[in-house]
Amino acid sequence: MKIAPQQRIYVCFFLFAVSLGALLSRMPDLQVALGVNKSELGLTLIGAAIGALISLTLSSPLIARLGARTTAFITVLGTSALLSLVPWIGAAPVVFCVLFVEGLLAGALEINLNVEIDRIEAQLGRGVMNRAHGFWSLGFFVTALVSSVVRQAGISMELHLAATFVTVLVIGIWAISGMRNAPARIALHEGKAPLVALPTWGLMPLCVIGIAAFLVEGAGIDWSAIYMRDVFSVEPFIGGLGLTLFTFCMALARLFVDPLVDRFGARAVATMLLVLSATGICAVSGAPHPYIALAGFALMGAGCSAVYPLAVSAAAQRTDRAAYLNVAALGQMSFVVFFLAPPLLGFIAEHAGIRTSYLVCLPLIIYALFSAKALATRRAAGGGSAATARSVNG
């Protein structure tokens, strides 16, 4: 079956989220299997953050040489394979090492898919970045919904993640095999690209925006099931609804927000979404009833939905250096936070309570609101033209 180039990227985002979401939805079970507390579980999961940081810093030149298709094969299928191994490992230090390697692949996947979808977006002359990330969120929603049923049925982690990997393998081979490299944007920067991608001063406001979005996303995805279990002692199906609602609202917003961005501009949309995130966090932190908490998770999902994709588009359209370097640098500061959220929130939850841990996100969201001026007020015609890049650069 012939599918459009952007749809192949959609599938890759979806499959990565399905693999990662399957593991994250089993965090309560993994905690019990490893025999660790919340803080120790968070420290175990930090292996992925370290690997992602190294990859986001150093892998850009290698990705440029390998191309989108080869990189997608290695990263999409490789991350799924490694994540499926985690339930079979009974020792936290070994899980840390496996997640470190998974993080290396995840960082490269992040750069590869975002740069490729930005190039396709430029070809199409319309926004598809948010929709691509919408399929990431859709993948989390699907796996959260399935996982709620799977956990309620008492199916083991091992079987659950093994079945997930087989599914990803079959669909991934079909989707990635037909992928072709999209033409690069016209190079408006000068000079030789550095081997190490580091954030520039002009990129820092976008990094703040991305960090805020990923911290909220990490808080919603990683700890929602444990929050519902510990705070309200609900059964597994209800406990899984926090993650399900979070990912559903995130996916829904991402899939349909691009026309709003085209009409009102990235700055206005990001501001509205950040306010929604703050509202959801306050609801979760002070929820007197499970249904209030579930509503809060839904608001958090919708609120952080398109914020990071908007920052990615702005970074890719900057004219100071190659797009993959700016995307990689943004990823260092934001994508890693997605993996750092578990140990950070776990440490706070262990010592101050899990309700308090969610309030940590609020100061960063407020800072991101002041940084939203780094985003363009309108998308220029041509879906990524030099005019848009100049607007993004301020």
At what distance, to the nearest 0.5 angstrom, does [atom1] of [X] lie from [atom2] of [Y]?
X	Y	atom1	atom2	answer
Asn37	Phe347	CG	CZ	11.0 Å
Leu299	Leu273	CG	CG	11.5 Å
Ser156	Leu159	OG	CG	5.0 Å
Met228	Leu241	CE	CG	7.5 Å
Leu369	Leu274	CG	CG	5.0 Å
Leu113	His133	CG	NE2	8.5 Å

Looking only at heavy atoms, which two atoms of [X] and [Y] are closest? And how far apart?
X	Y	answer
Cys361	Ala219	SG-CB, 4.1 Å
Leu161	Pro87	CD2-CG, 3.7 Å
Ala22	Thr164	CB-OG1, 3.9 Å
Ala182	Gln123	CB-OE1, 3.8 Å
Gly178	Arg8	O-NE, 3.3 Å

Pairs in or reaching into residues 76-101: which pass side-chain hydrogen bond (donor to acceptor under 3.5 Å, both in side chains), with residues at least two apart or in two chains?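 Listed once each, the pairs are Ser19-Ser80.
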Quick one: does any side-chain atom of [X] pair with a main-chain N or O of [Y] as donor and acceptor, under 3.5 Å?
X	Y	value
Ser285	Ile281	no
Thr247	Thr244	yes
Asn130	Asp258	no
Thr167	Ala163	yes
Asn326	Leu203	no
Glu121	Met129	yes

Name all residues meeting the ring-ring contact (aromatic ring centres under 6.0 Å, His included) criterion together with [X]; count only those two or more places apart in sequence or in a different chain, and write none if there are none.
X	value
Phe141	Phe248
Phe165	none
Phe100	none

With sequence neighbours excluded, what pairs up with Ser137 under the side chain to side chain donor-acceptor pair (under 3.5 Å) test?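 Per chain and number, Ser137 pairs via side chain to side chain donor-acceptor pair (under 3.5 Å) with Arg254.
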Applying side chain to side chain donor-acceptor pair (under 3.5 Å), can you list everything that pairs with Ser357, at least two apart in sequence or on another chain? none
Show every donor-acceptor pair shorter than 3.5 Å between a side-chain atom in residues 89-97 and any protein atom, with sequence neighbours excluded, or say none if there are none.
none

For residues 17-32, the salt bridge (charged side-chain N to carboxylate O under 4.0 Å, His left out) pairs (sequence neighbours left out) are Arg26-Asp29, Asp29-Arg151
Pairs touching residues 281-296 that satisfy salt bridge (charged side-chain N to carboxylate O under 4.0 Å, His left out), sequence neighbours left out: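 Residue pairs passing salt bridge (charged side-chain N to carboxylate O under 4.0 Å, His left out), neighbours aside: none found.
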Other than Ile366, what residues sit in its cluster of Ile, Leu, Val, Met, Phe, Trp and Tyr side chains whose heavy atoms are under 4.5 Å apart, directly or through others?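 Besides Ile366, the cluster holds Phe370.
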Taking the hydrophobic residues Ile, Leu, Val, Met, Phe, Trp and Tyr, and joining any pair whose side-chain heavy atoms are under 4.5 Å apart, which ones share a cluster with Ile292? none
Verdict with supporting geometry, Asn114 and Glu110, side-chain hydrogen bond (donor to acceptor under 3.5 Å, both in side chains): CA-CA 6 Å; Asn114 278 309; Glu110 170 77 1; 3.0 Å; yes
Given side chain to side chain contact (heavy atoms under 4.5 Å, CB included), test Leu375 with Leu206 step by step and report yes or no. CA-CA 8 Å; Leu375 298 171; Leu206 297 178; 3.7 Å; yes
According to a hydrophobic-cluster definition based on side-chain heavy atoms being under 4.5 Å apart (Ile, Leu, Val, Met, Phe, Trp, Tyr only), do Val275 and Met272 belong together?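 Same cluster: Val275 reaches Met272 through Ile, Leu, Val, Met, Phe, Trp or Tyr contacts under 4.5 Å.
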When the aromatic ring centroids of Phe14 and Trp136 are compared, is their separation below 6.0 Å?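 Between Phe14 and Trp136, the centre distance exceeds or equals 6.0 Å.
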Is there any ring pair (Phe, Tyr, Trp, His ring centres under 6.0 Å) pair reaching into residues 277-301, and which pairs are they, with sequence neighbours excluded?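 As it turns out, the ring pair (Phe, Tyr, Trp, His ring centres under 6.0 Å) pairs with a partner in residues 277-301, which skip direct neighbours, are Tyr227-Phe297, His289-Tyr291, Phe297-Tyr358.
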